[in-house]
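A short worksheet on the structure shown next.
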Amino acid sequence: MEREGTGRTALVTGASAGIGASFARVLAGRGYRVVLTARRLDRLEALARELRERHGVDAETIVADLSDPAAPARVVDELRRRGLHIDLLVNNAGYGVPGRFDQPAWETHEAFLRVMVTAVCELTHRLLPGMVERRWGRIINIASLAGHVPAPAGHTLYAASKSFLIRFSEALAAERAADGVLTTAVCPGFTFSEFHDVTGTRAKVSQMPSFLWMDAETVAEQGYAAVMRGDPVYIPGRVNRAIAWLARLLPAGLVRGLVGRSGKRFRHVD
């Protein structure tokens, strides 16, 4: 039986680990040809081999550091050189910058914003016209539950960037759904991945109750189902949806206090 992704190509950013790698596996399992991009070639090649062997799909790699202002254009140029058009885009690349806003050099924040905001918008802008022309496209922007609740101290730009992705996705969904292009902001909560190892907060977040955690594959499965349904915003997991609902329902001051106390326990803020 033909799989739903047969004949279509997906691009996944930040595909070398975590949610990005899980999305690549989910898409390959549905028959999509996948193009994987991240900074680490060895991991990309290993994943590409896995996908070819397990799912029998074409899997290609493009090394790119999206903090480089020229990287999104280079990725799209390379896709064009290979004769590939992208039907499904997963904007997943991301990380956190621990500490208070004034501690890192501005260049650190600038690179962060390029990866988390500018590269997402540029890749989408460059690939969207082809989707519209073909009357079929899917765009998944990996946002976060952090975009639905008040932001505590530390990782100052993280929740702000995720809030941006949520609103960006909502607007894009409203603009292009009639053209066959569906956009979803997927907003996971705590997810088993390398994210907290990179930010140096693994020891702290490991103290979080187990019911707050989800595995990356479940996030990817639910996120894919959400974009195929046409949900502009989707929060994986009942617990995470309950947290977002309570954040809207309870008095803002109370929610800020609860989030602030949690942030002091589980975030690295000097």
Side-chain angles (χ1 to χ4, degrees), residues 1-15 19-20 22-35 57 84-94 116-117 119-149 161-189 191 214-245 247-248:
M1 190 172 84
E2 186 175 89
R3 293 175 289 181
E4 63 194 53
T6 301
R8 303 192 190 280
T9 302
L11 172 66
V12 183
T13 72
I19 293 174
S22 292
F23 260 104
R25 294 184 177 104
V26 166
L27 294 169
R30 284 162 172 75
Y32 289 87
R33 179 181 197 166
V34 291
V35 182
V57 299
L84 300 174
H85 64 256
I86 298 302
D87 303 291
L88 191 153
L89 170 63
V90 181
N91 285 307
N92 166 77
M116 305 291 281
V117 176
V120 171
C121 293
E122 184 174 352
L123 281 173
T124 302
H125 187 269
R126 290 179 180 276
L127 296 173
L128 178 62
M131 297 180 184
V132 173
E133 182 181 351
R134 293 185 297 273
R135 306 293 296 177
W136 199 97
R138 302 291 185 265
I139 299 167
I140 299 171
N141 295 319
I142 305 304
S144 172
L145 180 62
H148 292 275
V149 300
S161 70
K162 297 303 187 180
S163 296
F164 174 89
L165 290 186
I166 293 168
R167 297 297 175 245
F168 171 59
S169 300
E170 287 176 327
L172 195 57
E175 289 176 12
R176 287 304 184 180
D179 299 309
V181 180
L182 306 180
T183 303
T184 299
V186 177
C187 307
T191 305
M214 292 184 69
D215 63 89
E217 183 176 354
T218 301
V219 170
E221 290 278 4
Q222 293 187 8
Y224 176 77
V227 78
M228 297 304 285
R229 286 194 305 267
D231 298 345
V233 179
Y234 180 75
I235 303 172
R238 293 179 180 177
V239 171
N240 293 327
R241 289 193 287 274
I243 291 171
W245 178 76
R248 294 191 298 269

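Heavy atoms only, all atoms of each residue included: A24 and V34 are closest at O-CG1, 4.1 Å. Of all non-hydrogen atoms in V12 and A15, the two that sit nearest each other are O-CB, 3.5 Å. A10 and L27 get closest at one heavy-atom pair: CB-CD1, 3.7 Å. Nearest heavy atoms, G189 versus N240: N-ND2, 3.4 Å. Minimum heavy-atom separation, A185 to L165: CB-O, 4.1 Å.
The salt bridge (charged side-chain N to carboxylate O under 4.0 Å, His left out) contacts involving residues 222-235 comprise R229-D231, where partners must be two or more places apart or lie in separate chains.
Using a 4.5 Å cut-off on side-chain heavy atoms (C-beta onward), M214 and P188 make no contact.
By the side chain to side chain contact (heavy atoms under 4.5 Å, CB included) test, W136 is found to be paired with R8, Y32, D87, R138, M228, residues two or more places apart in sequence or in another chain being considered. With sequence neighbours excluded, no residue forms a side chain to side chain donor-acceptor pair (under 3.5 Å) with S163. Residues meeting the side chain to side chain donor-acceptor pair (under 3.5 Å) test with E170, sequence neighbours left out: R167. The side chain to side chain donor-acceptor pair (under 3.5 Å) search around N91 returns T124, N141, not counting sequence neighbours.
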Please tabulate, for side-chain N and O atoms in residues 173-182, each donor-acceptor pair with protein atoms closer than 3.5 Å (sequence neighbours left out).
from, atom 1, to, atom 2, distance (Å)
R176, NH1, D179, OD2, 2.6
D179, OD1, R135, NH1, 3.1

*Might you work through the side-chain contact (heavy atoms from CB on, under 4.5 Å) test for L172 and L128, ending with a clear yes or no?*
CA-CA 10 Å; L172 195 57; L128 178 62; 3.9 Å; yes

_Quick one, L88 with Y224, criterion side-chain contact (heavy atoms from CB on, under 4.5 Å). Give me CA distance, side-chain angles, the key distance, then yes/no._
CA-CA 10 Å; L88 191 153; Y224 176 77; 3.9 Å; yes

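Each of T13, V227, I140 was scored for a side chain to side chain contact (heavy atoms under 4.5 Å, CB included) with V90, with one residue passing: I140.
To the nearest 0.5 Å, atom CG of residue N92 and atom CD1 of residue I142 are 5.5 Å apart.
With respect to R25 and E221, no salt bridge is recorded, no charged nitrogen being found less than 4.0 Å from a carboxylate O.
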